[in-house]
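Every heavy atom of this structure was used, including side-chain atoms; hydrogens, water molecules and symmetry mates were not. Proteins get letters first, then strands, A, B, ... in listed order; numbering begins at 1 in each.
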There are 2 protein chains.
Amino acid sequence: MKLSTKSEYACLALIDLSENYDTGYIKIEDICHRQNLPRKYIEQILLTLKTAGYVKSRRGANGGYMLAKEPGQISLAEIVRLMDGALAPVNSVSKYFYECTPLEKNDALIKVFREIRDYTSDKMENTTFANLISE
Amino acid sequence: MKLSTKSEYACLALIDLSENYDTGYIKIEDICHRQNLPRKYIEQILLTLKTAGYVKSRRGANGGYMLAKEPGQISLAEIVRLMDGALAPVNSVSKYFYECTPLEKNDALIKVFREIRDYTSDKMENTTFANLISE
DNA sequence: TCTTTCTCTATAGAAATAGTAGAGATTATA
DNA sequence: TATAATCTCTACTATTTCTATAGAGAAAGA
């Protein structure tokens, strides 16, 4: 039932970029230093976020990363799905990552997991990085 | 955010035993056949469930497994915690498996995850195997 | 041209996942 | 009491996932 560090770090990096949304490009080094994250790992994560269109970058002196959308336009759900896959506790009740499993025969069990999925999903869909910044 | 097959199989095995609660000892073979589960893996899982006090067993002819408690006395939450650990999406908001993580500095994020944990936990605490049986 | 910074691909160790194998212990029953 | 049935226990293993690290390369700016 747990998030990977990849999701956690992606969130922290995006929070850092959100808090510095109007400061121009931010160096990976600065993000890692402020948030206390492993440098080379964050490079990879930022690249994934870039490919998915959440951040943009520039190379060379004064280069770095910045958000490609407003903090309010990026939801927690999108980021966790990108980094970790399904939010649902079992794939049988996943909207975006559905898969058949033996559990599926049991309606009562499916109902419980579906309710958990729906709550989790709603909560994360409705949380944007604008809600997560402290400054 | 996903359950392991260990949790899923443990639930299916317990559902099978719940549905046959008053039929005496049930052979592993029968459980696996009805629920379509891998035999040797289920042996291990049942052993874990036995050690934790949820089922009891008898060897030899007419042996097998049966619940050690009433279906209504066993919650989904207990079983998933036993097999998979924390229900919480991050250990920083786990009641039984708390651990400090870098996320912890961000109050808004912690709040979201705590609400998800509370919902998941409540839902699973309040679902017993009596709620999950079909017959 | 030199320095800075991101880019891209490959690699790797550790842990978790999802089982399998097989000898041993116990129980019922013929 | 022999035998078959069934659980018990420990060890093993293959695969995948997780959590990174390494290093050469490309682009931008001074």
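Checking C:dC8, D:dT8, D:dG23 against every side-chain atom of A:K40, the shortest atom distance belongs to D:dG23. Checking D:dC7, C:dT7, D:dA20 against the side-chain heavy atoms of A:K50 singles out C:dT7 as nearest. Each of C:dG22, C:dT7, C:dC6 was ranked by its minimum atom distance to the side chain of A:R39; first place goes to C:dC6. Distances were taken from every side-chain heavy atom of A:Y41 (C-beta onward) to each of D:dT8, C:dC6, D:dT19; the shortest belongs to D:dT19. Set against D:dT8, C:dG19, D:dT19, the side chain of A:K6 has D:dT19 as its closest nucleotide. Proximity note for B:T5 (side chain, C-beta onward) versus C:dT7, C:dA18, D:dC7: the nearest is C:dA18. Comparing C:dT29, C:dT7, C:dT27 against the side chain of B:N62 picks out C:dT29 as the nearest. Listed nucleotides C:dT4, D:dA26, D:dC7 differ in distance to A:K27; the shortest reach to its side chain belongs to C:dT4.
Hydrophobic clustering (ILVMFWY, side-chain heavy atoms < 4.5 Å, transitive): B:L37 and B:L47 are in one cluster.
Between the CG atom of B:N91 and the P atom of D:dC18 there is a distance of 15 Å, rounded to whole Å. Protein atom CG of B:L47 is 14 Å distant from nucleotide atom C1' of D:dA11, rounded to whole Å. The separation between A:L46 atom CG and D:dA20 atom P is 15 Å, rounded to whole Å. At whole-Å resolution of the value, CG in A:D84 and C1' in D:dC18 are 10 Å apart. Atom NZ of B:K2 and atom P of D:dT16 are 14 Å apart (whole Å). Atom OH of B:Y25 and atom P of C:dT26 are 16 Å apart (whole Å). Rounded to a whole Å, the CG atom of A:L37 is 11 Å from the P atom of D:dT21. Rounded to whole Å, atom P of D:dT10 lies 14 Å from atom CD of B:E43.
Between the side chain of A:Q44 and the base of D:dT21, at least one donor-acceptor pair of N or O atoms lies under 3.5 Å.
Taking a cutoff of 4.0 Å between a charged side-chain nitrogen and a carboxylate oxygen, A:K40 and A:E43 qualify as a salt bridge. Ion pair A:R34/A:E29 not flagged as a salt bridge, since none of the NZ, NE, NH1 or NH2 atoms sits closer than 4.0 Å to an Asp/Glu carboxylate oxygen.
Put simply, the residue from A:S94, A:S7, A:S121 that forms a side chain to side chain donor-acceptor pair (under 3.5 Å) with A:R81 is A:S121.
Residue A:S57 has no polar side-chain atom (N or O) positioned under 4.0 Å from OP1 or OP2 of C:dC6.
Comparing A:S4 and B:E29 against DNA chain D, the residue whose closest nucleotide sits nearer the 5' end is B:E29. Each of B:Y9 and A:I26 was matched to the nucleotide of DNA chain C holding its nearest heavy atom; the match closer to the 5' end belongs to A:I26.
A:Y119 and B:E115 form no side-chain donor-acceptor contact under 3.5 Å, judged by distance and modelled atom types alone.
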